[in-house]
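The next block holds one structure in the form of structure tokens; read it before the comments.
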Protein chains: 2
Amino acid sequence: MTSTEQRPVWAEHAAQALAEAGYRRGGARRAILELLDEQSCALSAVEIQEALSRRNRDVSRSSVYRVMEELEEIGLLQRVEIGQGMVRYEPVRSGPGHHHHLVCDRCGRLQPFTDDGLERAIRRLSDRVPLHVSEHEIVIHGACETCAAA
Amino acid sequence: MTSTEQRPVWAEHAAQALAEAGYRRGGARRAILELLDEQSCALSAVEIQEALSRRNRDVSRSSVYRVMEELEEIGLLQRVEIGQGMVRYEPVRSGPGHHHHLVCDRCGRLQPFTDDGLERAIRRLSDRVPLHVSEHEIVIHGACETCAAA
DNA sequence: CAAAAGACGAGACACGGTCTTATAAAGGAT
DNA sequence: ATCCTTTATAAGACCGTGTCTCGTCTTTTG
């Protein structure tokens with residue numbers, strides 16, 4: 001149930017949303033936006049910095065974190081906590097696009113998934129539980145096919 | 001479905017399990033065991049160190065982490081990642097006692113819960129998904145009753 | 001009680017992330 | 001176009017959590 005692809009549009013869409021939110025344009029942000037748009041898998045702050053550095057478009061650490069914050073604020077980016085204090089970020093491409101993640105504990109690979117049964121279970125749970133549920137982000141750990149084979 | 005209470009026994013039980021696993025006795029471990037047994041809510045490494053320090057039973061950072069590792073190894077302790085890179089530890093009191101956690105994002109309070117519907121959904125999911133699932137620990141975020149009221 | 005093995009503490013180190021500050025660039029007004 | 005104000009960026013100091021090392025102290029065992 002992978003959602004509709006509209007890869008090359010996100011960066012533009014994001015830039016526009018940013019502008020509407022009152023942000024000015026800037027090189028670092030632009031570069032980060034483009035990078036995120038290309039990559040389909042979620043990246044960590046460090047990975048983003050390194051990837052850009054490799055294409056001679058160095059960006060400071062502060063910029064990465066600042067831009068991540070801005071993008072998350074406007075809802076263009078989703079933080080995914082993959083455990084051990086590691087955090088990755090991925091573009092939110094189409095509308096809400098609610099989904100969860102599978103993390104391979106060996107290679108660190110991240111794959112999205114959606115599951116109606118799971119959502120239903122959580123919705124039911126939310127009503128019954130002594131907590132005003134704001135959000136849920138489920139991360140399931142294991143070994144991906146490649147790693148499990150090896 | 002809160003499991004049977006046997007609070008003051010855990011430390012003893014743990015000490016015995018540790019001994020059977022070939023560990024020697026030592027002051028730091030003893031102190032940590034007792035502290036964990038008293039507290040009902042999960043504690044972070046820092047909180048453990050501070051709590052012990054307050055009762056003039058200083059313990060080194062290394063010891064805290066080492067003991068946590070040992071206890072988790074034997075299955076007497078469960079790591080709970082509550083987000084933002086924060087980790088807390090809680091005693092596993094009775095048998096397997098599989099459960100998940102609700103985290104209040106305002107006060108940090110942690111409450112355990114179990115849900116059969118959720119477990120079923122995850123089991124079904126595990127079969128269908130391209131990942132050899134090793135474990136799952138679900139953390140649901142929100143505001144607890146006290147905080148939501150305020 | 002002595003030797004060996006393990007537990008402990010102190011502190012150096014690693015790493016992800018935050019904060020500060022000076023500089024550079026963008027947008028608006030003229 | 002140019003000046004001026006405001007925001008974005010880079011560099012690097014700083015912080016917190018967790019890891020590693022190593023010397024010392026304690027428990028166990030013979």
Side-chain angles (χ1 to χ4, degrees), chain A residues 14-36 42-53 55-74 76-77 79-89 103 108 110, chain B residues 11 14-35 42-53 55-74 76-77 79-89 108:
Chain A
Q16 189 182 331
L18 243 4
E20 278 164 13
Y23 291 101
R24 292 187 180 171
R25 293 182 304 161
R29 191 148 48 206
R30 177 66 161 274
I32 292 174
L33 245 49
E34 282 170 6
L35 178 73
L36 283 175
L43 295 177
S44 70
V46 182
E47 286 165 349
I48 290 171
Q49 200 177 4
E50 284 171 352
L52 288 174
S53 188
R55 30 174 109 169
N56 299 323
R57 184 52 259 265
D58 290 82
V59 156
S60 72
R61 215 185 325 185
S62 335
S63 294
V64 176
Y65 287 110
R66 181 170 31 76
V67 172
M68 296 299 110
E69 200 178 322
E70 294 163 355
L71 289 173
E72 196 193 355
E73 182 75 19
I74 314 189
L76 288 167
L77 201 69
R79 269 174 75 92
V80 184
E81 306 215 0
I82 61 169
Q84 313 297 83
M86 306 258 86
V87 177
R88 290 211 179 121
Y89 303 87
V103 180
L110 196 69
Chain B
Q16 189 181 332
L18 244 3
E20 276 164 13
Y23 290 102
R24 293 185 179 172
R25 292 182 305 157
R29 190 147 50 207
R30 176 67 159 275
I32 292 174
L33 246 49
E34 283 170 6
L35 178 73
L43 295 176
S44 71
V46 182
E47 286 165 348
I48 290 171
Q49 201 178 2
E50 284 173 350
L52 287 175
S53 188
R55 29 175 112 170
N56 298 321
R57 184 53 260 264
D58 290 82
V59 157
S60 71
R61 219 191 317 193
S62 334
S63 294
V64 176
Y65 287 110
R66 181 170 31 74
V67 172
M68 296 299 109
E69 199 179 323
E70 294 163 356
L71 290 173
E72 196 191 355
E73 181 75 19
I74 315 189
L76 289 167
L77 202 68
R79 267 175 75 93
V80 183
E81 306 215 357
I82 62 168
Q84 312 298 83
M86 303 261 85
V87 177
R88 290 212 179 121
Y89 303 86

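This is a predicted model, so every value here is computed, not measured.
- Atom pair A:L52:CG and D:dA10:C1' shows a separation of 14 Å (rounding to whole Å applied).
- For A:R79 (side chain) and A:M68 (main-chain N/O), no donor-acceptor pair under 3.5 Å exists by modelled atom type.
- Atom P of nucleotide D:dT17 and atom CD of A:E81 are separated by 15 Å, given to the nearest angstrom.
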Between the protein and nucleotides 4-7 of chain D, list every N/O to N/O distance that falls short of 3.5 Å.
| residue | atom | partner | partner atom | Å |
| --- | --- | --- | --- | --- |
| D:dT6 | O2 | A:R24 | NH1 | 2.4 |
| D:dT7 | O4' | A:R24 | NH1 | 3.3 |

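- Atom-to-atom, CD of A:E73 to P of D:dA8 comes out at 13 Å; the value is rounded to the nearest Å.
- Direction change of the helix axis from one end of the helix from C:dC1-D:dG30 to C:dT30-D:dA1 to the other is 20°, with five pairs defining each end axis (rounded to 10°).
- For A:R88, the salt bridge (charged side-chain N to carboxylate O under 4.0 Å, His left out) criterion is met by A:E47, not counting sequence neighbours.
- The 12-atom threshold is exceeded at CD of B:E72, counting heavy atoms of other residues, nucleotides or ligands nearer than 6.0 Å.
- Once rounded to the nearest 0.5 Å, the distance linking CD1 of B:I48 with OH of B:Y65 reads 9.0 Å.
- Here the nucleotide nearest the side chain of B:S62, chosen from D:dT9, C:dG17, C:dG9, is C:dG9.
- Here the P atom of nucleotide D:dT9 and the CD1 atom of A:I48 are 14 Å apart, to the nearest Å.
- Of all the heavy atoms in A:L110 and A:A42, the pair that sits closest is CD2-CB, 3.5 Å.
- With DNA chain C read from its 5' end, the first of the two nearest nucleotides for A:V46 and B:D58 is the one closest to B:D58.
- In this structure, the CD atom of B:E69 is 19 Å from the P atom of D:dT17, given to the nearest Å.
- With the nearest nucleotide of DNA chain D identified for both A:A28 and B:G85, A:A28 has the one nearer the 5' end.
- Checked by atom type and distance alone, the side chain of B:E34 never pairs as donor or acceptor with a backbone atom of B:A11 at under 3.5 Å.
- When rounded to the nearest whole Å, the span between CZ of B:R30 and P of D:dT26 equals 16 Å.
- As a whole-Å value, the separation of A:Q84 CD from C:dG17 C1' is 17 Å.
- When each of A:R25 and B:R79 is assigned the nucleotide of DNA chain D bearing its nearest heavy atom, the one mapping closer to the 5' terminus is A:R25.
- Side-chain contact between A:R55 and A:L35 is present, with at least one heavy-atom pair separated by less than 4.5 Å.
- A:Y65 has a side-chain polar atom (N or O) that falls below the 4.0 Å cut-off from OP1 or OP2 of C:dG17.
- Taking only side-chain nitrogens and oxygens, A:R66 comes nearer than 4.0 Å to OP1 or OP2 of D:dT9.
- One finds no side-chain N or O of B:R61 lying less than 4.0 angstrom from the OP1 or OP2 phosphate oxygen of C:dG11.
- Judged by distance alone, the side chain of B:R66 and the main-chain N or O of B:R29 form no donor-acceptor pair under 3.5 Å.
- Residue B:R57 is in sugar-phosphate contact alone, with no base atom involved, counting any heavy-atom pair closer than 4.0 Å across all strands shown.
- At the phosphate of D:dT9, neither OP1 nor OP2 sits under 4.0 Å from any side-chain N or O atom of A:S60.
- Distance alone, capped at 3.5 Å, is enough to place a donor-acceptor pair between the A:Q49 side chain and the A:V59 backbone.
- Rounded to an integer number of Å, the gap from A:M86 CE to C:dA14 P is 16 Å.
- Taking 4.5 Å as the limit, some side-chain heavy atom of A:L18 sits within range of a side-chain heavy atom of A:L71.
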